[in-house]
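Here the structure comes first, spelled out in structure tokens, and everything after it is commentary.
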Amino acid sequence: MPRTTAPAPADRKDGASAPADGLSHGLKQRHLSMIALGGVIGAGLFVGSGAGIAAAGPSIVVAYALSGLLVMLVMRMLGEMSAANPASGSFSVHAERAFGSWAGFTAGWAFWFLLCVAVGLEGIGAAKIMTGWFPGTPEWAWVALFMLVFCGTNLAAVKNFGEFEFWFAALKVGAIVLFLGIGVLAIVGALPGSDAPGTTNLTGDGGFFPHGSEGLIVGLLASVFAYGGLETVTIAAAESEHPVQGVAKAVRTAMWRIALFYIGSMAVIVTLVPWDDKAVVEKGPYVATLDHLGIPAAGQIMNVVVLIALLSAMNANIYGASRMAGSLVARGQGPKALGRLYGGVPRPAVLVSSVFGFACVLLSYWRPNDIFIWLLNTIGAIILVVWFFIAASQLVLRRRTEREEPEKLVVKMWAFPVLTWVALAGMAAIFLLMAREEGTRVQLYWTGGLTVLLAAVGFVRQKAAARRAS
């Protein structure tokens, strides 16, 4: 297996953002900071966390803390590699440098597939909210509108994407900070019209672990996939004014963001609302909490916030998918037409990524019981596959960088290599837990099949390239 492959034009050996890479460098530090901040706040947190609470009860706080620790380690490793060598292909480029082109091909196209399907899912979710406000309007029309808007945004200069994400993220951050503030006031009994709940909801009705270890495991699996989205900041960093400093700053603040937004939110919710309240799942935990506190129009307020979160995710995922595809093509791992740049933007990649996402939406209407379910199952564990490549790549590249270019280690993984191995062990444990649970076993198998297929194609391409070069 070759130690590495030739770096793409966008990925200079010295890690600097080269003007020759063709991509525009229009993202400012405020864009990058807010993309990083907003990246941890998605619809999975606002809505999807309800199922985790129903399964784990108050112990969902432990589940989010455990998975949050894993995510912190992954982001630190990714930050180390991205600060040393900023690249629009992010972890795909790092995997290629560590293990060869097959690894970059596998990680990159798997992530592209995940983002494109996610764009469709987010479009469907946003359309459902709009049809609730405008009864009688077709969902597909709303999805088409959102696709046109964000495809257009991403076809233009990258600074337009940055501005959209800046304001989307600002609104999401403002909403969750307000929620946490209201929640803390209610917990201490300082909110008018409410009494301090004490520990009643944490220790009553089955205790802190109402469904035992099995419930905690289900909650842990649900929480792991809610953290997806943090990776986009390392992709965006390659198009920022100061890639190395930008990604370093974003990664260093990951810990308090995760602790505040995710773990803090879960703690507030299960302290204020009984974990078995059906509204937690039916309405979403945030709406259920605000309703429980008697906050006027809580449902509509949170619907607006969730809509913003979904639209923000659509925008970011089209961006991430197009840049990943563009990077893969630049390294000779995809159709050349996708990599063409117009005004510093890979417009063919943007169009193809958007079209694929819209096709997923159409499949949800045409074949909801087979092909669409297959798509959902296939992407079920891709984020874990990506994290595995990140950890394995960092294990190899850290030693290489220390030996060859130690000055590029602006960000360092804590307690290397011990915590890298701890992270890999944690991922292996999650894979085993997914195999145990009936609801996630199918996802694991389909994702595994896609990964093996991509790896096989990558190996064949790598061998063919080696033969041509010899």
Side-chain angles (χ1 to χ4, degrees), residues 15 36-37 39-40 61-87 90-99 103 107 111 216-217 219-221 223-235 237 244-264 266 381-434:
L37 196 59
V40 298
V61 177
V62 176
Y64 268 87
L66 290 173
S67 54
L69 285 172
L70 177 59
V71 173
M72 289 178 198
L73 296 179
V74 170
M75 282 304 296
R76 188 74 183 186
M77 289 184 280
L78 183 56
E80 176 185 290
M81 294 184 292
S82 296
N85 290 289
S90 187
F91 50 83
S92 172
V93 171
H94 307 321
E96 180 171 339
R97 286 180 171 140
F99 301 111
F111 192 68
L216 178 61
I217 288 171
L220 177 64
L221 294 176
S223 65
V224 164
F225 302 107
Y227 283 111
L230 280 165
E231 304 83 10
T232 303
V233 69
T234 59
I235 296 174
V244 174
Q245 298 91 324
V247 75
K249 183 176 180 180
V251 169
R252 283 171 179 152
T253 58
M255 181 176 294
W256 73 262
R257 294 200 308 270
I258 291 171
L260 177 64
F261 295 141
Y262 276 85
I263 304 170
M266 293 302 106
I382 284 180
I383 197 64
L384 274 174
V385 173
V386 168
W387 291 355
F388 189 86
F389 271 110
I390 289 171
S393 300
Q394 190 267 341
L395 201 61
V396 173
L397 294 180
R398 170 62 177 270
R399 291 191 173 99
R400 187 181 301 169
T401 306
E402 284 180 331
R403 185 172 61 252
E404 298 175 359
E405 301 171 294
E407 71 281 359
K408 293 173 69 174
L409 288 172
V410 180
V411 177
K412 290 186 178 182
M413 176 60 179
W414 307 298
F416 176 83
V418 175
L419 288 183
T420 299
W421 283 111
V422 168
L424 284 167
M427 293 171 213
I430 293 172
F431 280 127
L432 290 174
L433 292 175
M434 289 187 72

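For Leu66, the side-chain contact (heavy atoms from CB on, under 4.5 Å) partners at least two apart in sequence or on another chain are Val62, Leu220. Residues that satisfy the side-chain hydrogen bond (donor to acceptor under 3.5 Å, both in side chains) test with Arg398, not counting sequence neighbours, are Glu80, Glu402.
Of the inter-residue distances, the one linking Met77 atom CE with Met413 atom CE reads 4.5 Å to the nearest 0.5 angstrom. Distance CZ/Phe416 to CZ/Arg76: 13.5 Å, rounded to 0.5 Å. Here the CD1 atom belonging to Ile263 is positioned 6.5 Å from the CG atom belonging to Leu69, to the nearest 0.5 angstrom. For the atom pair CZ (Phe91) and CD1 (Ile390), the distance works out to 6.0 Å, reported to the nearest 0.5 Å. Expressed to the nearest 0.5 Å, how far OH of Tyr262 lies from OG of Ser67 amounts to 9.0 Å. Here the straight-line distance linking atom CZ of Phe99 with atom NE2 of His94 works out to 13.0 Å at 0.5 Å rounding.
Ala83 approaches Val411 most closely through the heavy-atom pair CB-CG2, 4.0 Å. Nearest heavy atom pair, residue Pro417 against residue Leu395, reads CB-CD1, 4.0 Å. Nearest heavy atoms, Lys408 versus Ala84: CE-O, 2.8 Å. Annotation for Trp414 and Met72: closest pair CZ3-O, 4.0 Å, computed over non-hydrogen atoms. What you find for Ala103 and Ala95 is that their closest heavy atoms are CB-O, 3.6 Å.
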Note to self: Val93 vs Arg97, test: side-chain contact (heavy atoms from CB on, under 4.5 Å). Steps then yes/no.
What the structure shows: CA-CA 6 Å; Val93 171; Arg97 286 180 171 140; 3.4 Å; yes
Next item on the list: Tell me, with the steps shown, if Leu70 and Ile430 meet side-chain contact (heavy atoms from CB on, under 4.5 Å).
Entry: CA-CA 11 Å; Leu70 177 59; Ile430 293 172; 3.5 Å; yes
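Residue Trp387 forms a side-chain contact (heavy atoms from CB on, under 4.5 Å) with just one option from Leu424, Leu73, Leu78, Val224, and that option is Val224.
Panel note: side chain Ser393, backbone Phe389; a donor-acceptor pair is recorded below 3.5 Å.
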